Amino acid sequence: MLVALPDAEDLVARLAAAVRPHLAANTAIVGIHTGGVWVAEKLRDALGADYPLGVLDISFYRDDFSRIGLHPQVKPSRIPFAVEDRPLLLVDDVLYTGRTVRAAMNELFDYGRPSRIQLAVLIDRGGHELPIRPDFVGATLAIPPDQNIELQRIEDRLSLALK
Amino acid sequence: MPDPQLSSQGKLHHLLTLDGLPAATLRQILDTAESFMDVGERDVKKVPLLRGKSIFNLFFEPSTRTRTTFEIAAKRLSADVVNLNIATSSQTKGETILDTVANLTAMHADMFIVRHAQSGAAHFIARHVAPHISVINAGDGRHAHPTQGLLDMFTIRRYKGEFGHLRVAIVGDVLHSRVARSQISALTTLGVPEVRVVAPKTLLPPGVERLGVRIFHDMREGIRDCDVIIMLRLQNERMKGARLPSAQEYFKQYGLTTAKLAFAKPDAIVMHPGPMNRGVEIDSEVADGPQSVILPQVTYGIAVRMAVMAMLAGGGND
């Protein structure tokens with residue numbers, strides 16, 4: 001409770017402003033289930049252009065499957081565009097260890113060879129365990145390892161909460 | 001007695017029968033299979049989930065489709081698959097099932113997929129394997145064929161949406177059919193209000209009415225107003241003695257033709273677990289017709305088997 005949490009909608013606006021100059025005409029946006037999809041949808045609305053939107057559930061690519069098994073609610077991945085040679089903007093709500101992003105990149109390559117992947121996250125909370133850093137970030141916060149920061153969506157409004 | 005299919009933490013560890021599995025578990029398998037559907041349409045038709053796991057197809061009874069779809073499913077999960085047709089190997093040299101299993105365990109197997117002509121064979125193996133090994137029943141005698149039952153439910157859900165308003169007819173050789181038993185069990189658990197079996201008396205097991213089905217001996221009455229018609233294979237190879245006058249006579253009474261199909265709902269789907277006897281239980285015109293979903297069933301079987309293997313392998317008895 002020591003950290004004052006920023007407003008998630010403000011962070012989306014900030015993220016959109018940071019991303020905008022770097023998008024190509026054929027860029028596609030890919031959100032990671034579940035929070036990353038919410039952010040990706042908002043981001044696309046804020047950017048105002050019709051970028052194709054894909055959705056990834058990385059359950060089949062997790063590196064802790066043999067320890068904890070399959071997530072009970074796996075959702076389908078939907079990539080409704082050709083990944084081959086296309087620049088992708090990968091979107092997640094919180095960057096923590098980096099393992100989710102690694103799994104997401106592995107999955108994306110099974111759809112084709114993108115020309116580039118850039119990473120946009122709403123919050124970079126530190127605690128990285130892999131050499132993965134965001135290209136665009138809404139806010140960088142130091143969250144202690146015993147706490148979790150969670151994105152929530154209530155009636156289409158995004159907000160952040162500490163658990 | 002605890003369900004031998006569940007681990008001490010209550011997770012699915014073996015899949016031996018659909019009897020007794022709660023609706024939530026069946027739905028979770030179907031939902032997971034839905035997520036695997038798109039893997040078959042990608043550039044790389046593989047996910048790394050079971051990388052490094054060894055899966056043994058133990059087929060004590062011949063089968064092409066079931067074995068092949070299990071093999072494809074395992075390979076799409078990145079597992080290593082070994083196919084053993086034991087009907088033609090060491091069993092004929094006198095090795096017992098448990099010795100076979102012990103030898104494969106010594107080769108660091110992680111999962112056995114078992115097809116056997118004896119009812120209860122998969123249960124027997126599941127009782128005796130090391131705790132980290134999962135067993136999937138790929139058909140045991142007349143008892144059960146749970147993954148076929150699941151892929152049939154997956155097919156019905158894809159074409160008909162939910163189960164709560166459906167009328168389903170299972171037509172043909174129920175007596176010898178492990179598929180029918182698994183289907184009736186799953187349909188009932190998932191809340192199908194009316195399950196019918198349509199067959200001559202000689203092809204119905206005694207006490208079938210206790211499974212909660214309506215019994216019909218007349219084909220037209222039996223499929224009237226049904227949403228789903230599941231045709232069963234006439235099990236020539238299992239038929240002992242004269243239960244039927246002839247294949248021609250059977251086709252006349254119970255073979256699904258376009259004329260008979262007209263008694264079902266106009267949007268009814270026609271299913272068959274394969275392999276089909278054309279001109280015996282089903283007419284080619286129906287089998288290849290617009291209401292047939294027999295080939296989609298095969299495709300869905302891969303996604304469903306991927307889901308089952310992924311859930312069992314992650315079931316955590318380690």
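The model shown is predicted, which means the values in this text are computed figures rather than measured ones. In the text below, chain A, chain B and the rest are named by the order of the sequence lines, each starting its count at 1.
- Using a 4.5 Å heavy-atom cut-off against chain B, no residue of residues 37-52 of chain A qualifies as contacting.
- The residue among A:Val83, A:Val74, A:Asp57 with the most heavy atom pairs within less than 4.5 Å of chain B is A:Val74.
- For A:Gln73, no part lies near chain B; criterion is any non-hydrogen pair under 4.5 Å.
- For A:Arg113, the CZ atom sits in a loose shell: 12 or fewer heavy atoms of surrounding residues, nucleotides or ligands are nearer than 6.0 Å.
- Proximity to chain A is absent for every atom of B:Leu77, based on heavy atoms less than 4.5 angstrom apart.
- The salt bridge (Lys or Arg N to Asp or Glu O under 4.0 Å) pairs that include a residue from residues 137-151 of chain A are A:Glu150-A:Lys163, where partners are two or more places apart or lie in different chains.
- Nearest approach of B:Ser35 to A:Pro76, heavy atoms of both residues: OG-N, 3.4 Å.
- A:Phe60 and B:Leu49 make their closest contact through O-CD1, 3.3 Å (heavy atoms, listed as atom of the first residue, atom of the second, distance).
- Identified by a heavy-atom distance below 4.5 Å to chain A, the contributing residues of residues 37-46 of chain B are B:Asp38, B:Arg42, B:Asp43, B:Val44, B:Lys46, in residue-number order.
- To the nearest 0.5 angstrom, A:Leu70 atom CG is 7.5 Å from B:Gln28 atom CD.
- Contacts with chain B (heavy atom to heavy atom, under 4.5 Å) involve these residues of residues 89-109 of chain A, listed by number: A:Glu107, A:Phe109.
- Interface remark: A:Ile68 contributes backbone atoms only to the contact with chain B (heavy atom separation under 4.5 Å).
- Within 6.0 Å of CZ on A:Arg86 lie more than 12 heavy atoms contributed by other residues, nucleotides or ligands.
- Around CZ of A:Arg133, the count of heavy atoms belonging to other residues, nucleotides or ligands within 6.0 Å exceeds 12.
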